[in-house]
Amino acid sequence: MNWSPTYSLFLVFVTLVSYVGAQILQKFCESENDKLRRVVLASTLLLCFSGLFIFKYLNFLNDSLWGLFSLMGIRMEVPHLELLLPVGISFYTFQACGYMIDVYRQQIMVERNFCTYALFISFFPQIAAGPIGRGKELLPQFKVKHYLNRGDITTGLRWMLWGYFMKVVVADRLALYTDAVFGNIAHHTGLSILVAAVLFTFQIYCDFAGYSFIALGCARIMGFRLIVNFARPYMATSVQDFWRRCHISLSTWFRDYLYIPLGGSRCSKWRTRMNLMITFVVSGLWHGANWTFVIWGGLNGLFQVIGNVIKPIKEQTRLCCGLRKDSIWLKAFNILLTFVLMTVTWTFFKAHTLEDALLAISKMVLPAGVLYKPDLSVLLYGTMGVGVLMGCDMLEEKNGKHPLLENDSITIRFASYVVLSMIILSVGVFDGGQFIYFQF
């Protein structure tokens, strides 16, 4: 991911194309010319996605075709373009395309004011890594005056404080371990890789959710309300439930603009499962132009399909064991199983190549050997941070509010502000690099 003033031209291009396309669409909506509406929509989407394809997928397509031709015995030189990915390109492209589709479906009115629309596409708290906004929810907020008020400032600062804790105390601390192990999988033991995979499962959550909470908090201080992008994903009892709680703005985007148009769950069982697989494979490609991301997306879809197929078997097993649906033991088992499955998928997400991912999985199956132990503070502070995080998530899942930052006791709240601030300043890793999702 890279930022250069030149790359802002593509942001301007996407903004202009989607703005003009929406104006034309609105005119055809009024005349009820469905054929021309579809042509305008398809043309606009093609133009908006063209830059994303060139910057993000062209080299991946070239390399894949070159590899395929090599297997067939055909030798050819394929040019490799040295392109740096503009910051936020996947997010603002999807936001613009979502707006276009909403106008086409007549779910929202077209925005006539170009400045308002440009602000919608480039709103600074969310442009780099989401959450992906919807026109119906965000555009009206740009048309009203916002005044600083104590409630919004307090809530925004709370979210930002928690976001910084997740990012610099947990995510960046764990990255010191996971980057060392996944950067050289061949020379690490199965036990070290297993520990790194588990830690990365928390790292990716804290890294992206941390950014999302900072973005939400920053916007909230100014009076704007963005979509809450995470809802305690590791409290999920299935992979399907996980994606209702994790990266919610992207999950709902793919649900509304890909899964449902493919037929969603209104088709036969096997067509529904195929729609699900297609959606998650495309989601994997959205995350990165690498076969590791394609496999990651495919596994997420596959685990949901398997879960759907064996659902009657699971229900029968539960009845045979005499467990209630609300049994805490059953819920704990499902949460643990979901966490294990997600750890497997995140291994592909983290690995640099497909070969590295498969090697890591093979070593993790029978973890053995000596555990890689760098500076003790890496594992100590990292696991302590994870403990605080998961403890808060469990209590929030039970009570519906953050046990520290939204506690009824003002003493506990202010003590939490002070302690978390001190932990961030004293234990936080401030040279940990950019947020992981900036590369997408």
Side-chain angles (χ1 to χ4, degrees), residues 1-4 6-18 21 44-61 81 83-102 118 120-135 138 204-205 207-212 214-216 226-227 229-230 243 246-259 278-298 300-301 346 348-350 433-440:
M1 186 66 71
N2 188 60
W3 170 252
S4 166
T6 307
Y7 289 150
S8 64
L9 295 176
F10 183 69
L11 172 60
V12 173
F13 172 75
V14 170
T15 304
L16 284 171
V17 167
S18 55
T44 307
L45 293 180
L46 186 62
L47 286 172
C48 287
F49 280 121
S50 62
L52 184 61
F53 173 78
I54 292 171
F55 282 106
K56 195 169 183 177
Y57 301 110
L58 183 58
N59 284 330
F60 173 66
L61 179 62
L81 304 179
L83 296 175
L84 296 175
L85 192 63
V87 65
I89 185 172
S90 297
F91 291 91
Y92 64 71
T93 299
F94 267 42
Q95 186 155 314
C97 291
Y99 165 79
M100 282 292 303
I101 297 171
D102 287 343
F120 163 70
I121 297 297
S122 60
F123 190 44
F124 81 89
Q126 64 177 142
I127 187 173
I132 301 171
R134 299 292 185 93
L138 196 53
I204 186 70
Y205 167 39
D207 192 280
F208 191 29
Y211 172 86
S212 294
I214 293 170
L216 261 64
L226 304 181
I227 181 174
N229 219 13
F230 288 84
W243 286 110
C246 182
H247 204 169
I248 296 170
S249 64
L250 182 67
S251 298
T252 53
W253 196 99
F254 276 114
R255 179 198 67 196
D256 295 341
Y257 303 126
L258 180 59
Y259 177 70
I278 292 172
T279 301
F280 273 90
V281 167
V282 174
S283 173
L285 268 176
W286 178 90
H287 281 84
N290 192 315
W291 285 108
T292 56
F293 292 111
V294 176
I295 299 298
W296 171 81
N300 275 283
W346 289 126
F348 284 88
F349 191 98
K350 175 63 174 172
Q434 67 180 13
F435 291 91
I436 293 174
Y437 265 70
F438 277 15
Q439 65 184 293
F440 305 134

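Quick caveat: nothing in here was measured; it's all calculated off a predicted structure.
- To the nearest 0.5 Å, atoms CG (L47) and CG (L16) are separated by 11.5 Å.
- Relative ring orientation between F208 and Y211 is described as parallel, the plane-to-plane angle staying below 30° on a 0-90° scale split at 30° and 60°.
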side-chain contact (heavy atoms from CB on, under 4.5 Å) between F10 and T93, worked out: CA-CA 10 Å; F10 183 69; T93 299; 4.2 Å; yes

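- Across C48 and V17, no two heavy atoms sit closer than the pair SG-CG1, 4.0 Å.
- In this structure, the ring of W286 has its center less than 6.0 angstrom from the ring center of F91.
- The side chain to side chain contact (heavy atoms under 4.5 Å, CB included) test with Y92 is passed by exactly one of V14, L52, T15: V14.
- Two residues are said to be in side-chain contact when any heavy atoms from C-beta on lie closer than 4.5 Å; W346 and W296 meet this criterion.
- Residues Q126 and L138 come closest through the heavy atom pair OE1-CD2, 3.0 Å.
- Between F293 and F349, the ring-plane angle classifies as perpendicular under the 30° and 60° cut-offs.
- P131 pairs in a side chain to side chain contact (heavy atoms under 4.5 Å, CB included) with only one of the listed residues (L216, T252, L250), which is L216.
- When every heavy atom of W253 is checked against every heavy atom of C97, the shortest pair comes out as CZ2-CB, 4.3 Å.
- The shortest heavy-atom contact between A215 and P125 is CB-O, 3.2 Å.
- Remark: side-chain polar atoms of H247 are not paired, donor with acceptor, to backbone N or O of W243 under 3.5 angstrom.
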K56 and S90: CA distance, side-chain angles, deciding distance, side-chain contact (heavy atoms from CB on, under 4.5 Å) verdict: CA-CA 9 Å; K56 195 169 183 177; S90 297; 2.8 Å; yes

Verdict with reasoning, F254 to F94, per ring pair (Phe, Tyr, Trp, His ring centres under 6.0 Å): CA-CA 10 Å; F254 276 114; F94 267 42; 5.6 Å; yes

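- The distance from atom OG of S18 to atom CD1 of I121, rounded to the nearest 0.5 Å, is 5.0 Å.
- Judged by distance alone, the side chain of S251 and the main-chain N or O of C246 form a donor-acceptor pair under 3.5 Å.
- Side chain of Q95 to main chain of I127: no donor-acceptor pair is present (N/O by atom type, distance under 3.5 Å, no hydrogens or angles).
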Step-by-step side-chain contact (heavy atoms from CB on, under 4.5 Å) determination, S122 to L11: CA-CA 8 Å; S122 60; L11 172 60; 4.1 Å; yes

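- Closest approach of F230 to S212, counting heavy atoms only: CE1-OG, 3.6 Å.
- L258 CG to I278 CD1: the interatomic distance, rounded to the nearest 0.5 Å, is 7.5 Å.
- For the pair S50 and F13, the tightest heavy-atom approach, listed with the atom from each and the gap, is OG-CE2, 4.4 Å.
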